[in-house]
Amino acid sequence: MNIAFLASGYRMAGMAEPAFDSSLDWGVRWAVTLFLENKFYLLFSFLFGYSFTLQLDSAVRQRRPFVPMFLRRLSGLFLLGLAHAVLLFPGDILTTYAAVGLALLVLRRIKPRTAVLLAAGLTALLALGFVLLAVLAMTGLDLSGTVSDTTAEAAKSDAALGGSAWQIISEHVRKLSLIIVFRVLFQGPAVLAACLIGLAVGKLAAFNDLSAHTATLRRLQWIGFTAGLAGSFFYTLSAWNGTVHKFWGEAVDLVTAPLLAAAYAATFLRLLPHMPRIGRALAAPGRMALSNYLAQSLICALIFTGYGLALVDRVSPPVEVLIALGIFAAQVLYSHWWLKRHRYGPVEWLLRYLTYWRKPGSARRAGSSA
């Protein structure tokens with residue numbers, strides 16, 4: 001999902017790369033938007049909320065004071081995200097998770113039903129916010145500068161990203177100043193809503209016995225792959241048709257993207273027990289998700305910016321997808337190699353050190369679990 005934004009100043013500005021206008025280029029853009037955009041960060045956010053309940057339970061079992069420990073974890077996550085945003089990718093989501101984690105801390109005693117209702121309310125309010133923006137745009141008010149650059153600014157962004165380290169960092173800071181309002185008003189609450197669903201699922205211990213929830217998973221698939229895909233198709237149509245249409249598309253996508261994300265999750269949960277080899281292959285990069293996320297940005301920065309090859313806006317969307325698949329395949333192999341020698345991924349080790357304020361065991365223990 002992120003590679004297009006790492007590879008192009010135009011895509012980061014909300015526009016298609018002008019150098020790539022073939023049918024294949026547009027087909028890839030549409031496929032990524034339809035099936036991936038705004039779906040997988042919701043899954044990651046769901047898991048962030050779910051893992052919050054696991055950390056709460058672990059602190060109780062170990063009789064550790066949870067609040068100071070979790071605050072240290074959020075501080076470490078925020079610092080990692082800030083460095084990531086400034087140095088590598090202003091689209092970083094770790095800082096958002098750090099902020100949302102504070103809300104989870106406040107709401108940690110919330111009942112599952114209340115958490116679900118609050119998530120639904122947040123989603124509805126966000127959708128209404130984009131409807132309002134669409135209506136304002138229809139009155140003639142120019143809102144494009146609040147969410148994206150102009151074509152001229154995108155070209156300047158390309159030049160900066162292909163320049164020196166200082167130019168790259170300055171461009172990242174400029175981008176952050178443009179998108180911070182969007183992050184606070186829209187993405188942050190959307191992430192919180194997904195985290196609250198994860199929190200509710202964790203409190204209900206729904207994953208402890210998946211066989212008892214087969215009917216629910218099946219319903220999530222039916223609803224998600226119908227309403228979710230329909231909404232995503234509308235969003236995809238609107239994403240490339242001007243500001244007014246884009247806001248309407250965002251409003252619909254905010255409501256339906258969680259449904260499609262839930263359908264993906266339900267499909268994974270139903271299929272993976274029957275595909276143990278694939279499950280084992282994905283488990284290792286999953287245990288190193290934070291390290292791999294940051295490494296992807298670093299590798300792409302070395303390919304596309306002046307840190308390395310400076311191929312910004314010189315790679316077509318289909319080739320970007322191939323590069324992304326190649327990077328992930330390499331990370332699967334690397335994650336297995338690393339975890340045979342270490343108990344945690346490198347960044348996971350650092351975050352764990354900051355969380356517990358002591359050095360974790362770096363060597364993998366025989367028989368230890370994920």
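Bear in mind that the values here come from a model prediction, so they are computed numbers and not experimental data.
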Requested in this report: Take E250 and N38 through the test side-chain contact (heavy atoms from CB on, under 4.5 Å) and record every step on the way to the result.
Outcome: CA-CA 10 Å; E250 290 280 2; N38 293 340; 4.1 Å; yes

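- Applying the side-chain hydrogen bond (donor to acceptor under 3.5 Å, both in side chains) rule to pairs touching residues 104-121 yields nothing, sequence neighbours excluded.
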Requested in this report: Begin with the C-alpha distance, continue with both residues' side-chain angles, and end with the deciding distance and a verdict on ring pair (Phe, Tyr, Trp, His ring centres under 6.0 Å) for Y41 and F48.
Outcome: CA-CA 10 Å; Y41 89 86; F48 187 83; over 10 Å; no

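- Taking the six-membered ring wherever Trp is involved, the centroid distance between the rings of F5 and F89 does not fall below 6.0 Å.
- W337 pairs by the ring-ring contact (aromatic ring centres under 6.0 Å, His included) definition with Y334, not counting sequence neighbours.
- Minimum interatomic distance between A119 and A193 (heavy atoms only, all atoms of both residues): CB-O, 3.4 Å.
- In summary, of the residues considered (V116, L122, L117), a side chain to side chain contact (heavy atoms under 4.5 Å, CB included) with L196 occurs for L122 alone.
- Salt bridge annotation for K39-D253: present, with a cationic side-chain nitrogen under 4.0 angstrom from a carboxylate oxygen.
- Here R287 does not pair with E348 in a salt bridge; the nearest charged N to carboxylate O distance is not below 4.0 Å.
- For Y50, the ring-ring contact (aromatic ring centres under 6.0 Å, His included) partners are F207, not counting sequence neighbours.
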Report task. Test side-chain contact (heavy atoms from CB on, under 4.5 Å) on F35 and L260 and set out the steps. Result -> CA-CA 9 Å; F35 295 110; L260 187 52; 5.6 Å; no

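- When every heavy atom of L87 is checked against every heavy atom of I168, the shortest pair comes out as O-CG2, 4.5 Å.
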Query - Test side-chain contact (heavy atoms from CB on, under 4.5 Å) applied to L354 and L79, step by step - result: CA-CA 11 Å; L354 295 173; L79 292 174; 5.9 Å; no

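- Screening residues 281-331 for ring-ring contact (aromatic ring centres under 6.0 Å, His included) gives H84-Y293 as the qualifying pairs, with residues at least two apart or on separate chains.
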Side-chain atoms of residues 266-283: list all donor-acceptor pairs with protein atoms under 3.5 Å, sequence neighbours left out, distances to 0.1 Å.
from : atom 1 : to   : atom 2 : distance (Å)
T267 : OG1    : Q221 : NE2    : 3.0
T267 : OG1    : A263 : O      : 2.8
R270 : NH1    : Q221 : OE1    : 2.7

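- With E171 as the fixed residue, the side chain to side chain donor-acceptor pair (under 3.5 Å) test singles out one of K175, R174, Q167: R174.
- A search for ring-ring contact (aromatic ring centres under 6.0 Å, His included) contacts involving F40 returns Y264, not counting sequence neighbours.
- T33 contributes a side-chain N or O that, together with a main-chain N or O of R29, makes up a donor-acceptor pair within less than 3.5 Å.
- You'll find the side chain of S291 stays beyond 4.5 Å of the side chain of Y344, heavy atoms only.
- No more than 12 heavy atoms of other residues, nucleotides or ligands sit less than 6.0 Å from atom CZ of F233.
- Between the side chains of Y235 and E37, at least one donor N or O sits under 3.5 Å from an acceptor N or O.
- Interatomic distance, NE2 of H342 versus CE of M288, reported as 9.0 Å (0.5 Å rounding).
- R219 forms no cation-pi arrangement with W222, by the criterion of a distance under 6.0 Å to the ring centre and an angle within 45° of the ring axis.
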